[in-house]
Amino acid sequence: MGAGWPKPALVEPFTSFQAWDHGKASEVVCVFKDNEFDFGVDVDIVAALLEGDRKTAEAVIKKLAPDDRGVINGLAFLSTLAFFSRAPDRGDALRAKVGLAFDAFDLEDT
């Protein structure tokens, strides 16, 4: 028997992102970059990125806003999507997740 790593328990609203496939998370990163949103995003932008899901957007803001101002770091949000979404069925899952997070931060598409 080998040692295993326990799967961490996520809190709401982040559990819902585990149902997202890698492609859907990648599309959100592309929309964020194509629209050149500011780094500080509010509930309206997060809801737009979540295809209008305002309830989840409000919960995300509540969890990630450091001082209850209603603004979160957009890149932190995209990284959350990258790491909590399902990895592609083929290939290295960690590489895909890290690659998507890197893509979110690569605003110049280098």
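Worth knowing before you read on, the calculation uses all heavy atoms, side chains too, and leaves out hydrogens, waters and symmetry mates.
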With sequence neighbours excluded, residues passing side-chain contact (heavy atoms from CB on, under 4.5 Å) with A93
A87
Heavy-atom side-chain contact between F37 and L49 under 4.5 Å:
yes
Side-chain donor-acceptor contacts of residues 73-82 below 3.5 Å, not counting sequence neighbours, with atom names and distances?
from: N73; atom 1: OD1; to: L75; atom 2: N; distance (Å): 2.8
from: N73; atom 1: OD1; to: A76; atom 2: N; distance (Å): 3.0
from: S79; atom 1: OG; to: L75; atom 2: O; distance (Å): 2.9
from: T80; atom 1: OG1; to: A76; atom 2: O; distance (Å): 2.9

Got W20 and F17 here, is their nearest side-chain heavy-atom distance under 4.5 Å?
yes
Go through the structure and list residues passing side-chain contact (heavy atoms from CB on, under 4.5 Å) with T15, not counting sequence neighbours.
L10, E12, Q18
Considering only distance and modelled atom types, tabulate donor-acceptor pairs under 3.5 Å from the side chains of residues 22-35, sequence neighbours left out.
from: K33; atom 1: NZ; to: D103; atom 2: O; distance (Å): 2.8
from: K33; atom 1: NZ; to: D103; atom 2: OD1; distance (Å): 3.0
from: K33; atom 1: NZ; to: D106; atom 2: O; distance (Å): 2.9
from: K33; atom 1: NZ; to: D109; atom 2: OD1; distance (Å): 2.6
from: N35; atom 1: ND2; to: V31; atom 2: O; distance (Å): 2.8

Applying side-chain contact (heavy atoms from CB on, under 4.5 Å), name anything that partners K62, two or more places apart in sequence or on another chain.
none
Distance check, rounded to the nearest 0.5 Å: R69 atom CZ versus I61 atom CD1?
11.0 Å
Qualifying side-chain hydrogen bond (donor to acceptor under 3.5 Å, both in side chains) pairs with a residue from residues 37-52, counting only residues at least two apart or across chains
D44-R54
Could you measure the distance from the NZ atom of K63 to the CZ atom of F14? Nearest 0.5 Å is fine.
7.5 Å
Mind checking what makes salt bridge (Lys or Arg N to Asp or Glu O under 4.0 Å) contact with D53, not counting sequence neighbours?
none
What distance do I72 atom CD1 and I45 atom CD1 have between them, rounded to the nearest 0.5 Å?
9.5 Å
